[in-house]
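Encoded as structure tokens, the structure appears first; notes follow it.
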Amino acid sequence: MAENMHDIKRRITSVESTGHITNAMKLVAASKYRKAKEAYDRSNDSLYHLALSMSGILEDLEDNKDINNLFVEGYKDLRRTCFVIVSSNKGLCGGFNSNIFKFAEEEIAKRENDPMIITVGKKATDYFSKRGYDIRHSYDAPDENFRFSSTKYVTSRLLTAFEDGRVDEVVVIYTKFVNTLKQEPKARIIFPMELDFVKGLQEKLHGQSMEVEYGPDPLSVMKYLIPKFVEVNLYNAVMESTICENIARRTAMENASDNANEILEELNLTYNRARQAQITNELIEIVSGAEALK
């Protein structure tokens, strides 16, 4: 019985230590979530203003066929797709990575061509390399170090591959933030550019007296804005995925802390019962010994 109590006490100490760790990780995830949310909101503002500028140019170039360049129209035949898959660098975030991997494989299967993979996050690199996918580039730096300047590492390769004709379509696979209770995998086409939501902003511009002079000309400005728009678009997707990752990790660590507390309650109850049983046995032995002396 003493040995059993010793084992229970050791398990209690172990679970208490685990509970402290998971609670600390929950607080860290909550802090990172707030920082990522701020960065995501800033990128949303930048994306909106870029789209607004492009919308104004599209109005001026409405009858100009020159705007139907490679980045907007794309190639005639879809031969090869490049997938930018955004995951986490670390685990302990519930089903965050498994959901995005399953969704990515479904999207890859929809396109019957030889896909090229660019990964953002160590988990995606490990997962897809083990399954024989063609990973051309990977960005595995810590999530908190992914700045807007880091986006150029990925977008420069995307732009080059698309312009050289090595890929005909570029799709970003990431996790979309709906609210703090719901996040879902999402596919966003970067090339060829889908300008529907950009053109939708023209309604907001309609009726407004905006006279903008573009130099040297609207078409040149549009060609300059397209790569910038892609950079912000990709950074926006990565930051949105980072938000969802930290929400998933915070939820997972909160559940782990709750489970640790439940286990502690059961272990303490078991320990107290074993201790009471031991005391009862000792009392029985004392009484039995006293009775034997009579």
Side-chain angles (χ1 to χ4, degrees), residues 22 25-26 29 32-33 36-37 40 43 78-144 146 150-151 153-155 157-158 161 167-192 194 230 233-256 258-259:
T22 55
M25 292 180 68
K26 180 185 75 173
K32 287 185 176 181
Y33 159 75
K37 185 68 166 59
Y40 171 68
S43 68
L78 183 61
R79 295 166 297 174
R80 195 178 197 195
T81 302
C82 175
F83 291 92
V84 181
I85 303 174
V86 184
S87 71
S88 69
N89 283 311
K90 303 175 183 178
L92 300 177
C93 50
F96 174 80
N97 287 314
S98 59
N99 290 338
I100 202 71
F101 296 157
K102 180 181 178 182
F103 180 81
E105 288 183 314
E106 291 173 354
E107 288 294 318
I108 292 172
K110 290 179 183 178
R111 294 164 173 81
E112 296 181 357
N113 54 39
D114 181 25
M116 185 173 82
I117 307 293
I118 293 178
T119 58
V120 179
K122 191 175 185 300
K123 291 296 180 180
T125 304
D126 294 342
Y127 182 88
F128 288 96
S129 61
K130 289 178 181 178
R131 284 157 180 79
Y133 287 94
D134 180 17
I135 299 179
R136 289 299 179 90
H137 303 285
S138 60
Y139 188 93
D140 300 337
D143 302 334
E144 55 268 21
F146 195 92
S150 306
T151 310
Y153 174 88
V154 181
T155 53
R157 286 154 177 78
L158 293 177
V167 295
D168 313 290
E169 182 186 39
V170 179
V171 181
V172 178
I173 306 291
Y174 68 106
T175 306
K176 180 177 178 59
F177 173 75
V178 180
N179 52 52
T180 54
L181 299 177
K182 183 180 180 183
Q183 303 87 42
E184 55 189 18
K186 183 78 174 178
R188 181 187 297 181
I189 298 176
I190 290 185
F191 296 146
E194 293 183 334
V230 171
N233 206 353
L234 179 61
Y235 181 73
N236 181 265
V238 173
M239 286 298 99
E240 190 168 5
S241 189
T242 303
I243 289 173
C244 298
E245 175 195 342
N246 285 299
I247 290 175
R249 181 168 288 110
R250 184 185 65 183
T251 302
M253 293 301 100
E254 185 175 6
N255 291 337
D258 292 341
N259 289 337

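Quick caveat, the model's predicted, so the values are computed rather than measured.
Judged purely by atom type and a 3.5 angstrom limit, R188 uses its side chain to pair as donor or acceptor with the backbone of N233. Between the side chain of R80 and the backbone N or O of D114 there is at least one donor-acceptor pair closer than 3.5 Å. A distance-only check finds no donor-acceptor pair linking the side chain of S241 to the backbone of A237 [under 3.5 Å]. R249 places a side-chain N or O within donor-acceptor distance of the main-chain N or O of G91, the cut-off being under 3.5 Å. Checked by atom type and distance alone, the side chain of N97 pairs as donor or acceptor with a backbone atom of S88 at under 3.5 Å.
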Would E105 and R131 count as a side-chain contact (heavy atoms from CB on, under 4.5 Å) here? Give the steps.
CA-CA 11 Å; E105 288 183 314; R131 284 157 180 79; 3.8 Å; yes
For F128 and F101: C-alpha separation, side-chain torsions, deciding distance, then whether side-chain contact (heavy atoms from CB on, under 4.5 Å) applies.
CA-CA 9 Å; F128 288 96; F101 296 157; 3.7 Å; yes
Do D168 and R111 pass the salt bridge (charged side-chain N to carboxylate O under 4.0 Å, His left out) test, and can you show the C-alpha distance, the side-chain angles, and the key distance before you say yes or no?
CA-CA 12 Å; D168 313 290; R111 294 164 173 81; over 6 Å; no
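For T155 against L234, the heavy-atom pair with the smallest separation is CG2-CD2, 3.6 Å. For the residue pair F103 and K186, the shortest heavy atom distance occurs at CE2-C, 3.6 Å. The two residues P115 and D134 have their closest heavy-atom pair at O-CB, 3.9 Å. Closest of all the heavy-atom pairs between I118 and L158 is CD1-CD2, 3.6 Å.
Once rounded to the nearest 0.5 Å, the distance linking CD of E254 with CG of N259 reads 11.0 Å. Taken from SG in C93 to CZ in R250, the straight-line distance is 13.5 Å, to the nearest 0.5 Å. Interatomic distance, OH of Y174 versus CD1 of I243, reported as 11.0 Å (0.5 Å rounding).
When the ring-ring contact (aromatic ring centres under 6.0 Å, His included) test is applied to Y40, no partner is found at least two apart in sequence or on another chain. Under the rule for a side-chain hydrogen bond (donor to acceptor under 3.5 Å, both in side chains), Q183 has no partner lying at least two apart in sequence or in another chain.
The only member of E107, E169, M116 that meets side-chain contact (heavy atoms from CB on, under 4.5 Å) when paired with F83 is E107.
Classification of the F177-Y33 ring pair by plane angle, with boundaries at 30° and 60°, yields tilted.
Side-chain contact between H137 and V154: absent, with no pair of heavy atoms (C-beta onward) separated by less than 4.5 Å. The shortest distance between side-chain heavy atoms of I85 and Y127 does not fall below 4.5 Å. Residues I117 and I135 form a side-chain contact, since some pair of their non-hydrogen atoms from C-beta on lies under 4.5 Å apart. Side-chain contact check for V86 versus T175: every heavy-atom pair is 4.5 Å or farther apart. With contacts defined as side-chain heavy-atom distances shorter than 4.5 Å, the pair S87/T119 does not qualify.
Under 4.0 Å is where a charged nitrogen must lie from a carboxylate oxygen, and between E245 and K123 no such pair does.
Counted within 6.0 Å of NZ on K122, heavy atoms from surrounding residues, nucleotides or ligands total 12 or fewer; the atom is thus considered open.
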